[in-house]
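First comes the structure, then the notes that go with it.
If you're wondering where the values come from, they're calculated on a predicted model, not measured in any experiment.
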Amino acid sequence: MNGKNALAAGVAAALALGSVTMVATQSTAAPRPTAAAGTSVAPPGAGFKAMTADARGEAIRTAGRNAAATARALGLGPDERLVTKDVLIDADGARHVRYDRTYRGLPVIGGDLVVHLAEDGTITGSDLAHQGAIRVAGTTPKLTAADASAKAVRHARHVKKAKAGSKDSTLVVYAVGKIPVLAYRSTVTGEGETGPTSRQAVIVDATSGAALDQYELHQSVTGTGNGVTVGQVSIETTQTSSGYTLTDAAHGGTIIYDSYNSPQSNPRQNARAFSKTTNSWGNGTSSSRESAAVDASYGLAKTWDYYKDSFNRSGIRNDGRGAPAYVHVDTNLLNAFYDDDCFCMFFGDGSSQNSNTPVTTLDVASHEMSHGVTAATANLTYSGESGGLNEATSDIFGTMVEFYANNAGDPGDYYIGEKLNMSGGFMRRMDNPAADGNSLSCWTSGAGSVDVHYSSGIGNHFFYLAAEGTGAKTIGGRSHNGTTCNNDTFSGIGKDKAAAVWYRALSTYMTSTTNYAGARTATLQAAADLYGANSQERYLVSKAWAAVSVGTALPDPGTGTPTPSPTTPTPSPTTPPSGNALANGSFEQGTSGWTQSDNIITNSSLQAARDGSWYAWMMGYGADAVESLSQSNVAVPSTGTPKLTFWLKVSTQESGSTAYDTLKVNVNGTTLATYSNADASSGYVQKTVDLSAYKGQTVKLEFAGTEDTYLSTIFLVDQIAIG
């Protein structure tokens, strides 16, 4: 059994009021019940049942009462606790319970998970941001909170050090990598990329002070554009004894405030609610402070309605509560952002770059509210590839709300910020992300190192192709051209189906650490849930991912065979060894060519590749675990003295020469070499294995790792070659 398995010892739990029943299961991720083959109609709400507030509350309480038993069934440690975040119920009664984790009372960053249950409460599968139990050496830090704050300021990349300060250094367990560590999460403020009072989260090791991660806390839409006037529209207001306020009781009590140019560091400092004696608001220009408020109110109401009508979702957190919004934030602020800490949205007035027009366009408002939906569901970390997915999600649903609103002054299209009067006519384009000169249209091994507003292009491009397919067309009066990264051509499944797939993947299968490969897996499962495992919709979703260089297309269900399509290999920063019989031996094309038992192939910055960005990270749990990385149908040369070469780095918490944790090299099931914790090295060491016995044969090569109960050993493998 894989040490990363979500369920311990093949055991599942059944949720029921007051009790937990254990039953045997054969899989840690049993297939969800799917629609019949060929079915093309999605259930309302992307497969989810509408729930009253009372029903949802009871479902959450039930999940909370059974959290301890669920944790045991998942194989979590005795110091861990599950905290229920949300529950979704399918039309067939199946449940999806989203939890956060704590360890000895500390929040676990990267500890979120989703447990999937059949109608009778039997666990059918799970998705964990961090696989397996959390273990750290202790919860007493060597650094003080003040030390951590100082370290965080020094590490912050996007805030000027001379003007930076840190506060709220909180002790956490950082479990985004394979080995959880005790850490501090600090908030660094100061002049930076998002304005004079930028806010950046910095995670530092509580022992060494080393930087583990950092990302902006303001998930923002930025650019050189101006706001849009939505025209004469109906908005929901509330009547008081003296007049009216911009309080939208029909949408959870959403209130629009005038920030009165409060500083970005404290945007609610001078805020007051809009109120007046008549129920007519704004004059359609920025000369009236009410006009920006109308845009925001209209955009947020349309976003709420879209989520409700499409997915049975009642507000950002699915609890019927509206988030307040503040317009006219700061001075010359060309920015808008959502802040989950205060459950608020903020909109600047723009700057001289856009004639000081408020940044309150329809797609901006829906983009920011969608950041809240992401925070309430998958909570995609705002850095690396997960950060790109976070931004793409907001662009996707911002676009869908444009279509849904059907506003004559802002027709739906796949341009982002097209009403901001950018010099190029848009902020981002989903049909051709690279058109802005910065965004990625195709996945590459360096995508995780690109600014999240640019790496979002991969997800945006996928969504456009899944929805609309390839070829030139005019949408919303604007030219679109569905080009691909592999020169393929295909039709789309339609924007509504594509959005249903994305929402189900986001709310049901994605976690905080999901990357683009994980998003492909999640959307394919979502498509199978909604339309059937052998549906044309699922097939075309796979085609769209392949078209942005993420994975390959599934077999065409219409023919039962893969549809050939020309491909352009992802450029590799390194040249494979001459004559290498292996495919992708340096991993610079991600997982291509390899079969892995779990997420072994990675470009995580927590370890280093021997060359390039990608490498294989095996083991490192400090617990019973096994892993496998293999490649089949490898042709061993028939001449000379064939050999396997690779570079190996071993780091361990073990001591002595006893082999507690091992990495074996197997060919056709026979072990040819074994390495262990006793082979620990400060860097990569080249290894050679004689393959003369297999000359001229086609073989399966496997790297098999095993780790015992105590102390961890990490095996890093790179630049594998057979020649």
Heavy-atom side-chain proximity of S351 to L334 below 4.5 angstrom: yes
Whether N261 side chain and D330 backbone form a donor-acceptor pair below 3.5 Å: yes
Any donor-acceptor N or O pair under 3.5 Å, side chains S370, S394: no
Expected output: side-chain D718 to main-chain R610 donor-acceptor under 3.5 Å: yes
T393: side chain to side chain donor-acceptor pair (under 3.5 Å) partners, not counting sequence neighbours: W502
Any donor-acceptor N or O pair under 3.5 Å, side chains Q589, W614: no
Listed partners of D340 passing salt bridge (Lys or Arg N to Asp or Glu O under 4.0 Å), at least two apart: R317
More than 12 heavy atoms from other groups under 6.0 Å of NZ on K85: yes
For Y184, all residues meeting ring pair (Phe, Tyr, Trp, His ring centres under 6.0 Å), sequence neighbours excluded: none
Polar contact flag, side-chain donor to acceptor under 3.5 angstrom, E391-Y382: yes
D349 versus H328, side-chain donor and acceptor atoms under 3.5 Å: yes
Donor-acceptor contact below 3.5 Å, side chain N390 vs main chain L380: yes
Any donor-acceptor pair under 3.5 Å from S456 side chain to G388 backbone: no
Under 3.5 Å side-chain donor-acceptor pair for S676 and T662: no
Short side-chain donor-acceptor distance under 3.5 Å, N603 and S613: no
Backbone N/O of T713 and side chain of E654: donor-acceptor pair under 3.5 Å: no
Test item: N515 side-chain N/O and G518 main-chain N/O as donor-acceptor pair under 3.5 Å: yes
Main-chain N/O of A505 paired to T508 side chain as donor or acceptor, under 3.5 Å: no
4.5 Å side-chain heavy-atom contact, L663 and M619: no
N-O pairing of D395 and R428 below 4.0 Å: yes
Sidechain-backbone polar pair: S262 side chain, N270 backbone, donor-acceptor under 3.5 Å: yes
Heavy-atom donor-acceptor pair, S586 side chain to E588 backbone, under 3.5 Å: no
Centroid-centroid under 6.0 Å between F703 and F646 rings: yes
Rounded distance (nearest 0.5 Å) linking atom OG of S439 with atom CE of M427: 9.5 Å
Side chains of S507 and T377, donor plus acceptor under 3.5 Å: no
Non-hydrogen side-chain atoms of L76 and I134 separated by less than 4.5 Å: no
Side-chain H-bond candidate by donor/acceptor type, S512 with N379, under 3.5 Å: no
Whether Y326 and Y257 hold their rings parallel, tilted or perpendicular, with breakpoints at 30° and 60°: parallel
N677 side chain to T652 side chain, donor-acceptor N/O pair below 3.5 angstrom: no
Neighbour count >12 (heavy atoms, 6.0 Å) for atom OH, Y454: no
Residues that Y103 engages under ring pair (Phe, Tyr, Trp, His ring centres under 6.0 Å), provided they are two or more places apart: none
Test: R98 and D86 ion pair at under 4.0 Å: no
Partner residues of W594 under the ring pair (Phe, Tyr, Trp, His ring centres under 6.0 Å) criterion, sequence neighbours left out: F587
All ring pair (Phe, Tyr, Trp, His ring centres under 6.0 Å) counterparts of F715, not counting sequence neighbours: none
Whether H371 and H367 hold their rings parallel, tilted or perpendicular, with breakpoints at 30° and 60°: perpendicular
Under-4.0 Å salt bridge between R72 and E80: no
